[in-house]
2 protein chains.
Amino acid sequence: MTPEILLKSLSDQTRLRSLMLLIQEGELCVCELTYALDLSQPKISRHLASLRDMQVVVDRRAGQWIYYSINPKLPEWAKELLQATLRGSQKEKQYKADMKKLKSMANRPDNRICV
Amino acid sequence: MTPEILLKSLSDQTRLRSLMLLIQEGELCVCELTYALDLSQPKISRHLASLRDMQVVVDRRAGQWIYYSINPKLPEWAKELLQATLRGSQKEKQYKADMKKLKSMANRPDNRICV
DNA sequence: TAATAATATACGTATATACATATATATGCT
DNA sequence: AGCATATATATGTATATACGTATATTATTA
């Protein structure tokens with residue numbers, strides 16, 4: 001992982017919003033992100049795929065659902081960068097709205113691994 | 001300053017390389033960055049202007065030279081994000097080469113404010 | 001096995017971003 | 001004033017990136 005790759009992954013708003021939720025929630029499936037961010041499924045899927053390709057996140061399949069989470073193997077500087085980003089994001093309206101929407105989602109798949 | 005803006009400013013390699021040198025050196029003029037990064041003057045100038053517009057850096061004129069430095073008013077999370085980026089960058093070949101080139105520059109303007 | 005749900009991908013298009021080159025502006029010096 | 005140096009900007013072009021829509025894939029359930 002290089003700063004260039006990690007920063008590129010954070011340079012798009014959809015990926016940034018997704019990652020901020022992932023940091024907070026541990027792991028989320030595509031449908032949860034689609035709902036929370038109010039964006040189309042292909043759009044979320046495409047951005048998550050690019051995050052996976054860049055090894056910023058990892059995925060695991062659980063039945064129909066594919067759960068994404070921050071790659072635990074990220075180097076320390078990268079994790080700290082993400083945490084700093086989160087601290088900055090938590091002041092933003094958009095971030096707060098996203099979290100609220102996520103929490104309000106009915107029928108969230110609950111077979112997740114708790115983190 | 002928002003994460004979106006700061007991260008966008010870091011998503012281009014020229015801006016990233018410039019910022020990494022600025023963090024280390026305190027302040028640098030356009031000609032020093034042009035030399036250290038081995039890029040055209042307009043390219044450096046354009047990117048520094050965009051960093052200034054985004055308020056990531058500030059500038060001051062000293063005679064013919066215009067010195068750029070990290071905006072001291074950046075919020076804490078942003079400074080920490082930049083430091084984390086620096087820690088990641090210091091492992092990279094490119095970063096090391098840039099620093100080496102900078103140090104090797106003859107006739108660096110020396111009327112800088114020490115930081 | 002058919003139908004449904006969740007996710008992924010392909011493809012054409014639109015937009016943003018960076019680039020090189022040329023030119024303009026500002027300062028210092030003689 | 002005239003010239004050199006440092007920096008900035010304008011312009012057209014190329015490239016990267018994101019987008020919407022349609023379709024494919026994979027797993028579950030009836």
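Here is how names work: the chains are called A, B, and so on, in the same order as the sequence lines, proteins then strands, and each is numbered from 1.
The closest side-chain donor-acceptor pair between A:Gln24 and A:Tyr95 falls under 3.5 angstrom.
The local environment of CD in A:Gln90 is crowded, with over 12 non-hydrogen atoms from other residues, nucleotides or ligands closer than 6.0 Å.
Ion pair A:Glu76/B:Arg87 not flagged as a salt bridge, since none of the NZ, NE, NH1 or NH2 atoms sits closer than 4.0 Å to an Asp/Glu carboxylate oxygen. Classification of A:Lys103 and A:Glu25 as a salt-bridged pair holds, one side-chain N sitting under 4.0 Å from a carboxylate O.
Listed nucleotides C:dT17, C:dT27, C:dA8 differ in distance to A:Ser45; the shortest reach to its side chain belongs to C:dA8.
Across the interface with DNA chain D, nearest-nucleotide mapping of A:Asp12 and B:Leu48 shows B:Leu48 to be the residue nearer the 5′ end.
What separates CH2 of B:Trp65 from C1' of C:dA26 is a distance of 13 Å, to the nearest Å. Rounded to a whole Å, the CD1 atom of B:Ile66 is 14 Å from the C1' atom of C:dG28. Taking atom NZ on A:Lys8 and atom P on C:dT17, their separation rounds to 11 Å, with Å as the unit. Rounded to whole Å, atom P of C:dT4 lies 14 Å from atom CD of A:Gln64. One can place CG of B:Asp59 at 15 Å from C1' of C:dT27, the figure rounded to the nearest angstrom. One atom, CG of A:Leu39, and another, P of C:dT7, lie 15 Å apart when rounded to the nearest Å. One can place CG of A:Leu33 at 12 Å from C1' of C:dT7, the figure rounded to the nearest angstrom. Residue B:Ile5 contributes atom CD1, which lies 12 Å from atom P of C:dT17 at whole-angstrom precision.
Both B:Leu86 and A:Leu10 are assigned to one and the same hydrophobic cluster, defined by single-linkage of ILVMFWY side chains at heavy-atom distances under 4.5 Å.
With a heavy-atom cut-off of 4.0 Å to chain B, the contacted part of DNA chain D has its first and last nucleotide at D:dT5 to D:dT9.
At C:dA20, none of the side-chain N or O atoms of B:Arg46 fall inside 4.0 Å of OP1 or OP2 (strictly under the cut-off). One finds a side-chain N or O of A:Tyr68 lying less than 4.0 angstrom from the OP1 or OP2 phosphate oxygen of C:dA8.
Using a 4.0 Å heavy-atom distance criterion, A:Arg61 is classed as a sugar-phosphate-only contact.
Here the rule is side-chain hydrogen bond (donor to acceptor under 3.5 Å, both in side chains) with A:His47, and of A:Arg15, A:Arg17, A:Arg52 only A:Arg15 fits it.
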